[in-house]
Q: 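I am attaching a structure below and will ask some questions about it afterwards.
Note that this is a predicted model, so its numbers are computed, not measured. All chains are named by letter (A, B, ...) in the order of the sequence lines, taking the proteins before the strands, and each is independently numbered beginning at 1. Hydrogens, waters and symmetry mates play no part in the numbers below; they use all other heavy atoms, side chains included.
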There are 2 protein chains.
Amino acid sequence: MIILKLGGSIITEKGAESPVVNHENMNRIANEIKEAHVKDLIIVHGAGSFGHPFASQYQIGKPLKGELDIHEKKIGFSLIQSWVKKLNGIVCDSLREHGIPAVSIQPSSFIVTRNKRIETANLDLIKDYLDNGFVPVIYGDVVLDRDESIKMAVLSGDQIINYLSKHLIPKRVVLGTDVDGVYTKNPKKHSDARLIEKVTSLSELESLDSTTNIDVTGGMIGKLQELLELASLGIESEIINAGKNNLIENSLKGNKVLGTLITMKESS
Amino acid sequence: MIILKLGGSIITEKGAESPVVNHENMNRIANEIKEAHVKDLIIVHGAGSFGHPFASQYQIGKPLKGELDIHEKKIGFSLIQSWVKKLNGIVCDSLREHGIPAVSIQPSSFIVTRNKRIETANLDLIKDYLDNGFVPVIYGDVVLDRDESIKMAVLSGDQIINYLSKHLIPKRVVLGTDVDGVYTKNPKKHSDARLIEKVTSLSELESLDSTTNIDVTGGMIGKLQELLELASLGIESEIINAGKNNLIENSLKGNKVLGTLITMKESS
């Protein structure tokens with residue numbers, strides 16, 4: 001089984017003020033996934049401009065400040081859930097139009113967090129869909145949180161990747177982002193930025209130039225924390241550029257492509 | 001707690017060849033629900049023209065005939081799931097625009113059937129949403145079926161009503177349809193058709209004129225079977241006309257409105 005992440009910055013116009021899909025990327029990537037013919041595949045996608053602006057506007061996951069704030073956050077929860085569901089529909093439609101039997105899996109229908117980490121999530125149904133030859137497509141969403149001080153939380157696609165991987169033990173985890181991988185510095189600002197081929201710990205990144213781009217692509221530090229935890233369990237992952245042609249396809253086929261490997265193995 | 005069903009024939013143009021929402025009805029009903037101020041409310045809606053034409057085209061729930069048929073049905077499953085999800089998004093958006101914190105609950109993310117009847121469905125999350133003041137909105141969908149000869153099934157809103165009611169024991173169940181209730185004959189064809197105020201068993205309907213409209217409104221017999229099972233458990237339900245102004249609102253407020261009561265109590 002392979003778990004493939006499609007970053008929100010790849011399938012949406014992440015900088016956009018309102019939700020805009022990047023149909024060109026989505027269509028190309030759906031075709032690459034089809035061409036890769038992966039037997040067991042789970043796709044996880046981010047929310048991009050369909051989620052982040054609203055999550056920040058409604059401050060979901062921040063401490064509640066009385067009844068009025070709770071009501072407003074619930075309306076925000078409903079709004080965000082609706083937008084990310086729309087994006088998920090577009091992703092599933094695109095995959096299906098390429099002949100892939102994509103099935104939508106809505107996190108807020110079966111996942112609950114406590115203090116923003118997944119507490120309950122029955123994955124049996126996802127396994128059943130895989131066993132029946134479907135491609136489950138799950139995504140960053142809003143969910144109920146059992147911490148009474150927040151009650152609601154944003155569940156990132158990266159945390160979903162972490163949870164699914166720990167419980168389903170995929171052969172590989174591939175993260176399609178809008179950059180080539182993890183850099184020593186922000187490559188958009190520094191011409192001497194260097195791509196890091198392998199990350200084995202966060203500390204090794206902290207020792208790098210503090211002006212790195214570690215945090216500009218929608219939380220690279222958060223992403224790496226999730227992935228390093230997997231690496232410690234022996235599950236390797238690769239961060240690659242899904243914005244470039246054929247990288248997703250080649251990676252899914254098992255070919256080595258440009259990117260950053262997150263692993264605990266010194267020699268891999 | 002009240003469970004309210006919005007029939008597919010009310011919120012969509014059910015006869016339409018392609019999916020069309022009845023925005024006028026949806027908007028009016030959302031407003032009536034808001035005005036009724038129900039403390040604990042679960043809404044279940046049908047699929048109407050967003051589901052039935054595709055379910056029939058792809059023969060979901062019919063015995064599988066080999067690999068090619070399975071692949072085609074999976075594509076159909078994906079397509080139907082996508083369309084009914086779109087309808088659910090429109091329903092939730094309309095409710096939210098009226099100030100109701102609607103939360104979408106996707107059956108195919110947590111429900112599995114066996115031989116077309118719900119086998120597994122954890123309702124804890126729905127209870128959690130209610131406890132937090134949300135209005136869960138669940139709907140007719142396609143789901144995995146554990147019967148190997150069909151593998152996939154259509155899950156009707158009426159079966160969901162039945163299952164939710166048996167497990168959550170609502171105070172009342174209200175079904176908003178496009179007719180005034182159950183008639184002795186098809187009222188669109190027979191001027192002497194008479195509305196039945198109370199149904200206590202299917203046999204009492206079978207003794208009626210065989211040209212009744214019992215089956216024309218998207219399976220009235222199926223609906224009644226689900227509701228009579230509830231009645232035998234002491235849970236009464238009412239079939240009312242959601243196409244007429246204020247009936248939903250008045251019924252939710254606990255007022256007696258025109259319709260058919262399904263009960264085992266002779267005197268209620």
Side-chain angles (χ1 to χ4, degrees), chain A residues 64 67 70-86 88-112 120-122 124-129 131-138 141-146 148 151-152, chain B residues 64 67 70-86 88-112 120-122 124-129 131-138 141-146 148 151-152:
Chain A
L64 301 165
E67 280 309 312
I70 292 177
H71 178 73
E72 201 165 299
K73 279 199 167 64
K74 283 194 291 194
I75 292 292
F77 184 102
S78 171
L79 181 75
I80 296 166
Q81 192 204 35
S82 177
W83 275 112
V84 295
K85 191 170 60 170
K86 279 191 186 91
N88 176 253
I90 292 165
V91 172
C92 290
D93 288 352
S94 176
L95 292 166
R96 190 183 57 255
E97 282 155 16
H98 286 82
I100 299 164
V103 62
S104 158
I105 304 289
Q106 183 180 44
S108 44
S109 287
F110 75 108
I111 296 179
V112 171
T120 315
N122 185 338
D124 291 348
L125 190 53
I126 292 181
K127 284 187 249 177
D128 285 346
Y129 279 117
D131 288 346
N132 280 287
F134 284 97
V135 174
V137 183
I138 184 166
D141 198 0
V142 279
V143 293
L144 279 189
D145 193 287
R146 296 216 194 279
E148 282 299 310
K151 286 182 188 288
M152 294 159 253
Chain B
L64 301 166
E67 280 309 312
I70 292 177
H71 179 74
E72 201 164 301
K73 278 199 170 63
K74 284 195 289 193
I75 293 292
F77 184 102
S78 172
L79 181 75
I80 296 165
Q81 192 204 35
S82 176
W83 275 112
V84 295
K85 190 170 60 170
K86 279 191 186 89
N88 176 252
I90 293 166
V91 172
C92 289
D93 288 351
S94 177
L95 291 166
R96 190 183 57 254
E97 283 156 15
H98 287 82
I100 299 163
V103 62
S104 159
I105 304 289
Q106 183 179 44
S108 44
S109 288
F110 76 108
I111 296 179
V112 172
T120 314
N122 185 338
D124 290 347
L125 190 52
I126 292 183
K127 284 186 249 176
D128 284 345
Y129 279 117
D131 288 346
N132 280 288
F134 284 97
V135 174
V137 183
I138 184 166
D141 198 1
V142 280
V143 293
L144 278 188
D145 193 287
R146 296 217 194 278
E148 282 299 310
K151 286 183 188 286
M152 294 159 254

Q: If you measure from CG on A:Leu95 to CD1 on B:Ile75, what distance do you get to the nearest 0.5 Å?
A: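 Here the rounded value is 10.0 Å.
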
Q: Tell me, for B:Asn122 versus chain A, whether the close heavy atoms (under 4.5 Å) come from the side chain, the backbone, both or neither.
A: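 B:Asn122 has no heavy atom closer than 4.5 Å to chain A.
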
Q: Counting heavy-atom pairs under 4.5 Å with chain B, which one of A:Ala102, A:Gly76, A:Cys92 comes out on top?
A: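 Top option by heavy-atom pairs under 4.5 Å: A:Ala102.
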
Q: Where is the tightest heavy-atom contact between A:Phe110 and B:Leu125, given as atom of each residue plus distance?
A: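 The pair with the smallest heavy-atom distance is N-CD2, 3.4 Å.
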
Q: Taking B:Ser78 for the side chain and A:Pro101 for the main chain, is one N or O donor matched with an acceptor at less than 3.5 Å?
A: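 A pair under 3.5 Å: no.
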
Q: Give, as side chain, backbone, both or neither, the part of B:Leu79 having an atom under 4.5 angstrom from any heavy atom of chain A.
A: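 B:Leu79 touches chain A through backbone and side-chain heavy atoms alike.
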
Q: Is there a donor-acceptor pair closer than 3.5 Å between any side-chain N or O of A:Gln81 and the backbone N or O of B:Val103?
A: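 Not at all, since once roles are kept as given, no pair shorter than 3.5 Å links the two residues.
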
Q: Is any side-chain heavy atom of A:Asn88 closer than 4.5 Å to one of B:Gln106?
A: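 In short, these two side chains do not touch, never coming nearer than 4.5 Å.
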
Q: Roughly how far, to the nearest 0.5 Å, is the CG atom of B:Asn132 from the NZ atom of A:Lys73?
A: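 Reported value, rounded in 0.5 Å steps: 13.5 Å.
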
Q: What part of B:Lys74 lies closer than 4.5 angstrom to a heavy atom of chain A: side chain, backbone, both or neither?
A: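 Its backbone and side chain both get close to chain A.
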
Q: Where is the tightest heavy-atom contact between B:Ser82 and A:Arg96, given as atom of each residue plus distance?
A: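 Minimum heavy-atom contact is CB-NH1, 3.8 Å.
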
Q: How are the rings of B:Phe77 and A:Phe134 set to each other: parallel, tilted or perpendicular (split at 30° and 60°)?
A: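 Tilted: the ring planes of B:Phe77 and A:Phe134 meet at 30° to 60°.
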
Q: Heavy-atom distances under 4.5 Å only: say whether A:Lys151 touches chain B with side chain, backbone, both or neither.
A: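 Interface part for A:Lys151: side chain.
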
Q: Backbone N or O of A:Gly89 within a donor-acceptor pair of the B:Lys86 side chain at under 3.5 Å?
A: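 It does not hold such a pair.
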
Q: With a 4.5 angstrom heavy-atom cut-off, could you sort out which part of A:Ile126 is near chain B: side chain, backbone, both or neither?
A: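 Neither part.
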
Q: So what's closer than 4.5 Å to chain A heavy atoms on B:Ile111: side chain, backbone, both or neither?
A: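 For B:Ile111, backbone heavy atoms alone lie under 4.5 Å from chain A.
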
Q: Check A:His71 against B:Gly99 and note the closest heavy-atom contact, atom names and distance.
A: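 What the structure gives for the nearest pair is CE1-O, 3.6 Å.
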
Q: So, for B:Ser109 and A:Ser109, which heavy atoms are closest and what is the spacing to 0.1 Å?
A: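 Answer, listing the atom of B:Ser109 first, then A:Ser109: CB-CB, 3.8 Å.
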
Q: Using non-hydrogen atoms and a 4.5 Å limit, figure out which bit of B:Val112 sits close to chain A: side chain, backbone, both or neither.
A: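 Just its side chain gets close to chain A.
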
